[in-house]
Protein chains: 2
Amino acid sequence: MAKTRPEIALDSFDLAILKILQKDNATPQRTIGEAVNLSAPAVQRRIKRMEEAGVIAANCAIVDPARVGQPITIFVEVEVISETAELIDAAKAEFSAAPEVQQCYYVTGEADFILVIVVATMADYEALTRRLFFGNNNVKRFRTFVAMDRVKVGLTVPL
Amino acid sequence: MAKTRPEIALDSFDLAILKILQKDNATPQRTIGEAVNLSAPAVQRRIKRMEEAGVIAANCAIVDPARVGQPITIFVEVEVISETAELIDAAKAEFSAAPEVQQCYYVTGEADFILVIVVATMADYEALTRRLFFGNNNVKRFRTFVAMDRVKVGLTVPL
DNA sequence: GCCTGAAATGCAAGTTTGTTTCGTGGAAAG
DNA sequence: CTTTCCACGAAACAAACTTGCATTTCAGGC
(Lines give C-alpha, C1' and ligand atoms only; values in the text may rest on other atoms or scores of the structure.)
Protein backbone atom coordinates (compact mmCIF):
# COMPACT_ATOMS: atom_id res chain seq x y z
CA MET A 1 0.00 0.00 0.00
CA ALA A 2 2.04 2.92 1.26
CA LYS A 3 5.43 2.90 -0.37
CA THR A 4 8.40 1.88 1.66
CA ARG A 5 10.15 5.10 2.28
CA PRO A 6 13.49 5.46 3.94
CA GLU A 7 13.51 7.17 7.27
CA ILE A 8 15.62 10.24 7.05
CA ALA A 9 16.92 12.67 9.57
CA LEU A 10 16.08 16.32 9.16
CA ASP A 11 18.31 19.07 10.40
CA SER A 12 17.44 22.67 11.08
CA PHE A 13 18.06 23.58 7.43
CA ASP A 14 15.52 21.05 6.26
CA LEU A 15 12.96 22.28 8.74
CA ALA A 16 13.53 25.87 7.70
CA ILE A 17 13.07 24.91 4.08
CA LEU A 18 9.90 22.98 4.84
CA LYS A 19 8.51 25.89 6.72
CA ILE A 20 8.88 28.06 3.65
CA LEU A 21 7.58 25.47 1.21
CA GLN A 22 4.53 24.84 3.34
CA LYS A 23 3.55 28.43 2.85
CA ASP A 24 4.56 28.79 -0.76
CA ASN A 25 6.24 26.13 -2.80
CA ALA A 26 6.68 28.50 -5.73
CA THR A 27 9.36 30.32 -3.80
CA PRO A 28 12.53 30.32 -5.91
CA GLN A 29 15.29 28.16 -4.52
CA ARG A 30 17.61 31.10 -4.64
CA THR A 31 15.30 33.03 -2.32
CA ILE A 32 15.02 30.08 0.01
CA GLY A 33 18.77 29.81 -0.03
CA GLU A 34 19.16 33.38 1.09
CA ALA A 35 16.63 32.88 3.85
CA VAL A 36 18.35 29.84 5.28
CA ASN A 37 21.94 30.67 4.36
CA LEU A 38 22.50 27.98 1.80
CA SER A 39 23.18 27.97 -1.90
CA ALA A 40 20.40 27.26 -4.35
CA PRO A 41 21.75 23.85 -5.36
CA ALA A 42 22.00 22.80 -1.73
CA VAL A 43 18.37 23.77 -1.23
CA GLN A 44 17.40 21.91 -4.36
CA ARG A 45 19.13 18.73 -3.26
CA ARG A 46 17.49 18.84 0.12
CA ILE A 47 14.07 19.34 -1.39
CA LYS A 48 14.58 16.44 -3.75
CA ARG A 49 15.71 14.25 -0.91
CA MET A 50 12.67 15.11 1.16
CA GLU A 51 10.35 14.48 -1.73
CA GLU A 52 11.84 11.08 -2.35
CA ALA A 53 11.67 10.25 1.34
CA GLY A 54 8.02 11.21 1.49
CA VAL A 55 8.52 14.03 3.92
CA ILE A 56 7.06 16.22 1.23
CA ALA A 57 4.02 14.21 0.27
CA ALA A 58 2.79 16.43 -2.53
CA ASN A 59 3.05 19.82 -4.17
CA CYS A 60 -0.31 21.21 -4.98
CA ALA A 61 -2.42 24.22 -5.60
CA ILE A 62 -5.06 24.94 -2.97
CA VAL A 63 -8.35 25.76 -4.63
CA ASP A 64 -10.96 27.84 -2.87
CA PRO A 65 -14.09 25.67 -3.05
CA ALA A 66 -16.43 28.64 -2.93
CA ARG A 67 -14.83 30.06 -6.06
CA VAL A 68 -15.53 26.96 -8.06
CA GLY A 69 -19.14 26.56 -7.10
CA GLN A 70 -18.73 24.29 -4.10
CA PRO A 71 -19.44 26.60 -1.19
CA ILE A 72 -20.58 24.05 1.36
CA THR A 73 -18.21 22.23 3.70
CA ILE A 74 -19.68 19.55 5.91
CA PHE A 75 -18.35 17.36 8.69
CA VAL A 76 -19.80 13.97 9.26
CA GLU A 77 -19.27 11.63 12.15
CA VAL A 78 -20.02 8.10 11.09
CA GLU A 79 -20.67 5.24 13.42
CA VAL A 80 -20.59 1.73 12.04
CA ILE A 81 -22.30 -1.40 13.23
CA SER A 82 -19.57 -3.96 12.84
CA GLU A 83 -15.90 -3.20 13.16
CA THR A 84 -14.37 -6.24 11.55
CA ALA A 85 -11.25 -5.54 9.58
CA GLU A 86 -12.95 -6.37 6.29
CA LEU A 87 -15.88 -4.06 6.86
CA ILE A 88 -13.68 -1.24 8.05
CA ASP A 89 -11.46 -1.56 5.01
CA ALA A 90 -14.52 -1.63 2.81
CA ALA A 91 -15.81 1.55 4.41
CA LYS A 92 -12.44 3.24 4.01
CA ALA A 93 -12.37 2.33 0.35
CA GLU A 94 -15.90 3.51 -0.26
CA PHE A 95 -15.49 6.83 1.50
CA SER A 96 -12.15 7.45 -0.16
CA ALA A 97 -13.55 6.81 -3.59
CA ALA A 98 -16.06 9.64 -3.36
CA PRO A 99 -14.61 12.83 -4.82
CA GLU A 100 -16.79 14.95 -2.56
CA VAL A 101 -15.01 13.43 0.42
CA GLN A 102 -12.06 15.69 0.89
CA GLN A 103 -10.78 14.05 4.03
CA CYS A 104 -11.54 10.79 5.79
CA TYR A 105 -10.14 9.68 9.13
CA TYR A 106 -10.67 6.49 11.06
CA VAL A 107 -10.90 7.54 14.67
CA THR A 108 -11.37 6.40 18.23
CA GLY A 109 -14.07 7.80 20.42
CA GLU A 110 -17.79 8.08 20.01
CA ALA A 111 -17.55 7.84 16.25
CA ASP A 112 -15.64 5.57 13.94
CA PHE A 113 -15.07 7.83 10.96
CA ILE A 114 -14.92 11.52 10.49
CA LEU A 115 -15.40 12.86 6.99
CA VAL A 116 -14.91 16.29 5.56
CA ILE A 117 -17.13 16.80 2.57
CA VAL A 118 -17.33 19.56 0.00
CA VAL A 119 -20.45 20.01 -2.08
CA ALA A 120 -22.23 22.61 -4.14
CA THR A 121 -25.69 22.36 -2.58
CA MET A 122 -27.43 20.69 0.31
CA ALA A 123 -29.30 18.64 -2.24
CA ASP A 124 -26.01 17.24 -3.37
CA TYR A 125 -25.17 16.40 0.20
CA GLU A 126 -28.48 14.70 0.66
CA ALA A 127 -27.86 12.61 -2.41
CA LEU A 128 -24.44 11.73 -1.13
CA THR A 129 -25.79 10.60 2.23
CA ARG A 130 -28.10 8.23 0.42
CA ARG A 131 -25.28 6.78 -1.51
CA LEU A 132 -22.66 6.58 1.24
CA PHE A 133 -24.64 6.11 4.42
CA PHE A 134 -28.16 4.92 3.80
CA GLY A 135 -26.86 2.72 1.05
CA ASN A 136 -24.36 1.11 3.38
CA ASN A 137 -25.69 -1.61 5.63
CA ASN A 138 -22.85 -1.21 8.04
CA VAL A 139 -23.54 2.43 8.89
CA LYS A 140 -25.37 2.63 12.17
CA ARG A 141 -25.77 6.37 12.34
CA PHE A 142 -24.16 9.61 11.29
CA ARG A 143 -24.14 13.16 12.54
CA THR A 144 -23.82 16.17 10.31
CA PHE A 145 -22.14 19.48 11.04
CA VAL A 146 -22.38 22.19 8.44
CA ALA A 147 -19.54 24.68 8.36
CA MET A 148 -20.64 28.28 8.63
CA ASP A 149 -17.11 29.60 8.55
CA ARG A 150 -13.90 28.02 7.42
CA VAL A 151 -11.94 29.82 10.08
CA LYS A 152 -8.61 28.18 9.38
CA VAL A 153 -8.03 25.68 6.66
CA GLY A 154 -4.79 24.09 5.69
CA LEU A 155 -2.57 21.10 6.07
CA THR A 156 0.29 22.98 7.62
CA VAL A 157 2.30 21.01 10.12
CA PRO A 158 3.82 22.82 13.08
CA LEU A 159 7.62 22.75 12.79
CA MET B 1 -9.88 41.12 6.34
CA ALA B 2 -10.32 38.94 3.29
CA LYS B 3 -9.36 40.81 0.18
CA THR B 4 -12.02 41.91 -2.20
CA ARG B 5 -11.56 39.54 -5.04
CA PRO B 6 -13.25 39.88 -8.37
CA GLU B 7 -15.68 37.18 -9.26
CA ILE B 8 -14.50 35.47 -12.37
CA ALA B 9 -16.01 32.93 -14.66
CA LEU B 10 -14.17 29.71 -15.27
CA ASP B 11 -14.46 27.77 -18.46
CA SER B 12 -13.64 24.15 -19.08
CA PHE B 13 -10.00 25.01 -19.76
CA ASP B 14 -9.65 26.62 -16.38
CA LEU B 15 -11.23 23.67 -14.67
CA ALA B 16 -8.97 21.26 -16.49
CA ILE B 17 -5.95 23.28 -15.45
CA LEU B 18 -7.12 23.41 -11.84
CA LYS B 19 -7.62 19.70 -11.83
CA ILE B 20 -4.00 19.20 -12.76
CA LEU B 21 -2.62 21.82 -10.40
CA GLN B 22 -4.56 20.37 -7.51
CA LYS B 23 -2.66 17.16 -7.94
CA ASP B 24 0.71 18.63 -8.76
CA ASN B 25 1.44 22.29 -9.18
CA ALA B 26 5.01 21.57 -10.25
CA THR B 27 3.69 20.33 -13.57
CA PRO B 28 5.35 22.35 -16.34
CA GLN B 29 3.02 24.72 -18.14
CA ARG B 30 3.99 23.14 -21.42
CA THR B 31 2.85 19.77 -20.18
CA ILE B 32 -0.41 21.24 -18.93
CA GLY B 33 -0.82 22.91 -22.28
CA GLU B 34 -0.54 19.64 -24.11
CA ALA B 35 -3.01 18.03 -21.75
CA VAL B 36 -5.65 20.69 -22.25
CA ASN B 37 -4.83 21.72 -25.83
CA LEU B 38 -3.54 25.16 -25.14
CA SER B 39 -0.20 26.87 -25.50
CA ALA B 40 2.04 27.39 -22.51
CA PRO B 41 1.51 31.15 -22.40
CA ALA B 42 -2.25 30.68 -22.44
CA VAL B 43 -1.97 28.30 -19.51
CA GLN B 44 0.28 30.73 -17.71
CA ARG B 45 -2.13 33.62 -18.17
CA ARG B 46 -5.03 31.58 -16.89
CA ILE B 47 -3.13 30.45 -13.84
CA LYS B 48 -2.11 33.99 -13.04
CA ARG B 49 -5.66 35.17 -13.44
CA MET B 50 -6.97 32.50 -11.11
CA GLU B 51 -4.33 33.27 -8.53
CA GLU B 52 -5.21 36.94 -8.56
CA ALA B 53 -8.88 36.15 -8.32
CA GLY B 54 -8.34 33.88 -5.35
CA VAL B 55 -9.55 30.76 -7.08
CA ILE B 56 -6.11 29.40 -6.38
CA ALA B 57 -5.72 30.31 -2.75
CA ALA B 58 -2.19 29.04 -2.29
CA ASN B 59 0.57 26.92 -3.70
CA CYS B 60 2.14 24.79 -1.09
CA ALA B 61 4.04 21.68 -0.24
CA ILE B 62 2.14 19.08 1.72
CA VAL B 63 4.26 17.76 4.56
CA ASP B 64 3.65 14.34 6.05
CA PRO B 65 3.25 15.06 9.76
CA ALA B 66 4.47 11.62 10.79
CA ARG B 67 7.74 12.25 9.00
CA VAL B 68 8.48 15.34 10.97
CA GLY B 69 7.75 13.96 14.38
CA GLN B 70 4.08 14.87 14.64
CA PRO B 71 2.33 11.55 14.22
CA ILE B 72 -0.89 12.31 16.06
CA THR B 73 -3.94 13.85 14.43
CA ILE B 74 -6.86 14.72 16.65
CA PHE B 75 -10.36 16.02 16.06
CA VAL B 76 -12.05 18.13 18.66
CA GLU B 77 -15.63 19.21 18.85
CA VAL B 78 -15.92 22.31 20.98
CA GLU B 79 -19.09 23.61 22.48
CA VAL B 80 -19.13 27.12 23.83
CA ILE B 81 -21.27 28.69 26.54
CA SER B 82 -22.09 32.01 25.00
CA GLU B 83 -22.42 32.65 21.32
CA THR B 84 -22.21 36.39 21.17
CA ALA B 85 -20.39 37.73 18.15
CA GLU B 86 -17.53 39.03 20.26
CA LEU B 87 -16.94 35.76 22.06
CA ILE B 88 -17.17 33.75 18.86
CA ASP B 89 -14.69 36.00 17.16
CA ALA B 90 -12.40 35.73 20.14
CA ALA B 91 -12.58 31.97 20.02
CA LYS B 92 -11.86 31.97 16.30
CA ALA B 93 -8.83 34.13 16.82
CA GLU B 94 -7.52 32.04 19.68
CA PHE B 95 -7.93 28.73 17.91
CA SER B 96 -6.45 30.09 14.72
CA ALA B 97 -3.41 31.41 16.50
CA ALA B 98 -2.34 27.98 17.72
CA PRO B 99 0.07 26.39 15.27
CA GLU B 100 -1.02 22.91 16.33
CA VAL B 101 -4.50 23.73 15.05
CA GLN B 102 -4.33 22.76 11.43
CA GLN B 103 -7.96 23.45 10.67
CA CYS B 104 -10.75 25.24 12.47
CA TYR B 105 -14.36 25.44 11.37
CA TYR B 106 -17.30 27.19 12.95
CA VAL B 107 -20.22 24.84 12.53
CA THR B 108 -23.89 24.30 13.14
CA GLY B 109 -25.14 21.27 14.94
CA GLU B 110 -24.34 19.80 18.30
CA ALA B 111 -20.98 21.50 18.42
CA ASP B 112 -19.85 25.01 17.68
CA PHE B 113 -16.32 24.45 16.50
CA ILE B 114 -14.50 21.56 14.99
CA LEU B 115 -10.75 21.58 15.17
CA VAL B 116 -8.17 19.40 13.51
CA ILE B 117 -5.04 19.28 15.57
CA VAL B 118 -1.60 17.84 14.86
CA VAL B 119 0.76 17.07 17.74
CA ALA B 120 3.80 14.98 18.53
CA THR B 121 2.55 13.31 21.70
CA MET B 122 -0.58 12.98 23.74
CA ALA B 123 1.16 14.97 26.43
CA ASP B 124 1.39 17.83 23.98
CA TYR B 125 -2.31 17.49 23.30
CA GLU B 126 -3.08 17.50 26.95
CA ALA B 127 -1.07 20.67 27.39
CA LEU B 128 -2.90 22.21 24.47
CA THR B 129 -6.30 21.39 25.93
CA ARG B 130 -5.33 23.21 29.10
CA ARG B 131 -4.33 26.23 27.17
CA LEU B 132 -7.16 26.34 24.64
CA PHE B 133 -10.11 24.78 26.43
CA PHE B 134 -9.68 24.70 30.19
CA GLY B 135 -8.05 28.09 29.99
CA ASN B 136 -11.03 29.52 28.14
CA ASN B 137 -14.03 30.45 30.26
CA ASN B 138 -16.35 30.27 27.32
CA VAL B 139 -15.70 26.62 26.51
CA LYS B 140 -18.51 24.53 27.89
CA ARG B 141 -17.21 21.15 26.82
CA PHE B 142 -15.17 19.42 24.17
CA ARG B 143 -15.00 15.95 22.73
CA THR B 144 -11.83 14.37 21.44
CA PHE B 145 -11.40 11.91 18.59
CA VAL B 146 -7.97 10.51 17.96
CA ALA B 147 -7.21 9.51 14.40
CA MET B 148 -6.00 5.95 14.03
CA ASP B 149 -5.74 6.19 10.28
CA ARG B 150 -5.56 9.18 8.00
CA VAL B 151 -7.50 7.38 5.32
CA LYS B 152 -7.76 10.28 2.92
CA VAL B 153 -6.23 13.65 3.52
CA GLY B 154 -6.24 16.56 1.19
CA LEU B 155 -7.90 19.80 0.25
CA THR B 156 -8.86 18.69 -3.21
CA VAL B 157 -12.10 20.17 -4.46
CA PRO B 158 -14.28 18.10 -6.79
CA LEU B 159 -14.35 19.70 -10.23
C1' DG C 1 47.41 14.55 16.66
C1' DC C 2 47.03 13.34 11.99
C1' DC C 3 45.00 11.01 8.30
C1' DT C 4 41.24 9.28 5.61
C1' DG C 5 36.73 8.88 3.58
C1' DA C 6 31.94 9.92 3.28
C1' DA C 7 28.86 13.50 2.76
C1' DA C 8 27.53 18.05 1.84
C1' DT C 9 28.72 22.41 0.04
C1' DG C 10 29.50 26.32 -3.47
C1' DC C 11 30.53 27.73 -8.07
C1' DA C 12 29.84 27.68 -12.84
C1' DA C 13 28.05 25.77 -17.01
C1' DG C 14 24.17 23.80 -19.30
C1' DT C 15 19.33 22.89 -19.69
C1' DT C 16 14.65 23.38 -18.81
C1' DT C 17 10.94 26.26 -17.58
C1' DG C 18 8.55 30.53 -16.99
C1' DT C 19 7.56 35.14 -18.94
C1' DT C 20 7.02 38.85 -22.20
C1' DT C 21 6.31 40.66 -26.77
C1' DC C 22 3.98 40.90 -30.83
C1' DG C 23 1.06 39.88 -34.59
C1' DT C 24 -3.27 37.25 -35.77
C1' DG C 25 -7.98 35.65 -35.66
C1' DG C 26 -12.57 35.23 -33.98
C1' DA C 27 -16.72 36.86 -31.43
C1' DA C 28 -19.66 40.47 -29.90
C1' DA C 29 -21.20 45.23 -30.41
C1' DG C 30 -22.17 49.10 -33.23
C1' DC D 1 -20.28 45.14 -42.72
C1' DT D 2 -16.93 47.23 -39.82
C1' DT D 3 -14.80 48.01 -35.48
C1' DT D 4 -13.30 46.76 -31.06
C1' DC D 5 -11.91 43.76 -27.74
C1' DC D 6 -9.90 39.62 -26.04
C1' DA D 7 -7.58 35.54 -26.06
C1' DC D 8 -4.58 32.97 -28.60
C1' DG D 9 0.03 31.04 -30.56
C1' DA D 10 4.92 31.60 -32.06
C1' DA D 11 9.13 33.23 -30.91
C1' DA D 12 12.40 35.74 -28.28
C1' DC D 13 13.85 36.48 -23.78
C1' DA D 14 14.68 36.04 -18.81
C1' DA D 15 14.70 33.37 -14.86
C1' DA D 16 14.91 29.24 -12.50
C1' DC D 17 16.28 24.61 -12.10
C1' DT D 18 19.80 21.00 -12.65
C1' DT D 19 24.27 18.86 -13.15
C1' DG D 20 29.37 18.22 -12.84
C1' DC D 21 33.22 19.14 -10.32
C1' DA D 22 36.56 20.75 -7.05
C1' DT D 23 36.59 22.02 -2.23
C1' DT D 24 35.32 21.97 2.49
C1' DT D 25 33.67 19.81 6.65
C1' DC D 26 33.42 16.53 10.01
C1' DA D 27 33.59 11.98 12.22
C1' DG D 28 36.12 7.93 13.04
C1' DG D 29 40.34 5.25 12.95
C1' DC D 30 45.23 4.85 13.16
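Convention: sequence-line order gives letters A, B, ...; per-chain numbering from 1. Predicted model, so just to flag it, every value in this text is computed and none were measured.
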Asks: Do B/Ile56 and B/Asn25 pass the side-chain contact (heavy atoms from CB on, under 4.5 Å) test, and can you show the C-alpha distance, the side-chain angles, and the key distance before you say yes or no?
Replies: CA-CA 11 Å; B/Ile56 295 175; B/Asn25 71 356; over 6 Å; no
Asks: What is the distance from CE of B/Met50 to C1' of D/dA7, rounded to the nearest Å?
Replies: 14 Å
Asks: If you look at every heavy atom in B/Ala120 and B/Ile72, which pair is closest and at what distance?
Replies: O-CD1, 3.7 Å
Asks: Shortest non-hydrogen contact from A/Leu115 to A/Cys104?
Replies: CD2-SG, 3.4 Å
Asks: Is the distance between the ring centroids of B/Phe142 and B/Phe134 less than 6.0 Å?
Replies: yes
Asks: CG of B/Asp11 versus P of C/dG26: gap in Å, rounded?
Replies: 18 Å
Asks: At 4.0 Å (heavy atoms only), tell me whether B/Arg46 reaches a base, stays on the sugar-phosphate, or touches nothing.
Replies: sugar-phosphate
Asks: Show your working on salt bridge (Lys or Arg N to Asp or Glu O under 4.0 Å) between B/Glu34 and B/Arg30 and close with a plain yes or no.
Replies: CA-CA 6 Å; B/Glu34 289 168 14; B/Arg30 285 168 170 76; over 6 Å; no
Asks: Spell out protein contact along nucleotides 9-19 of chain D as letters: B when the base is contacted, S when just the sugar-phosphate is, - when no protein heavy atom is under 4.0 Å; keep the 5' to 3' order.
Replies: BBB----SSBB
Asks: Does a side-chain N-to-carboxylate-O contact under 4.0 Å join A/Lys140 and A/Asp112?
Replies: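 Here A/Lys140 does not pair with A/Asp112 in a salt bridge, since their nearest N and O are not under 4.0 Å apart.
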Asks: Using atom CD1 of B/Ile8 as one end and atom P of D/dC6 as the other, report the distance to the nearest whole Å.
Replies: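 Taking atom P of D/dC6 as the reference, CD1 of B/Ile8 is at 15 Å.
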Asks: Expressed in angstrom and rounded to an integer, what is the separation of B/Ile17 atom CD1 from C/dG18 atom P?
Replies: 13 Å
Asks: Measure from CG on A/Asn25 to P on C/dG18 and round the result to the nearest Å.
Replies: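 The distance from CG of A/Asn25 to P of C/dG18 comes to 12 Å, rounded to the nearest Å.
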Asks: What's the CZ-P distance between A/Arg49 and C/dA8, to the nearest Å?
Replies: 6 Å
Asks: Rounded to whole angstroms, how far apart are CD on B/Glu34 and P on C/dG18?
Replies: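 Between P of C/dG18 and CD of B/Glu34: 12 Å.
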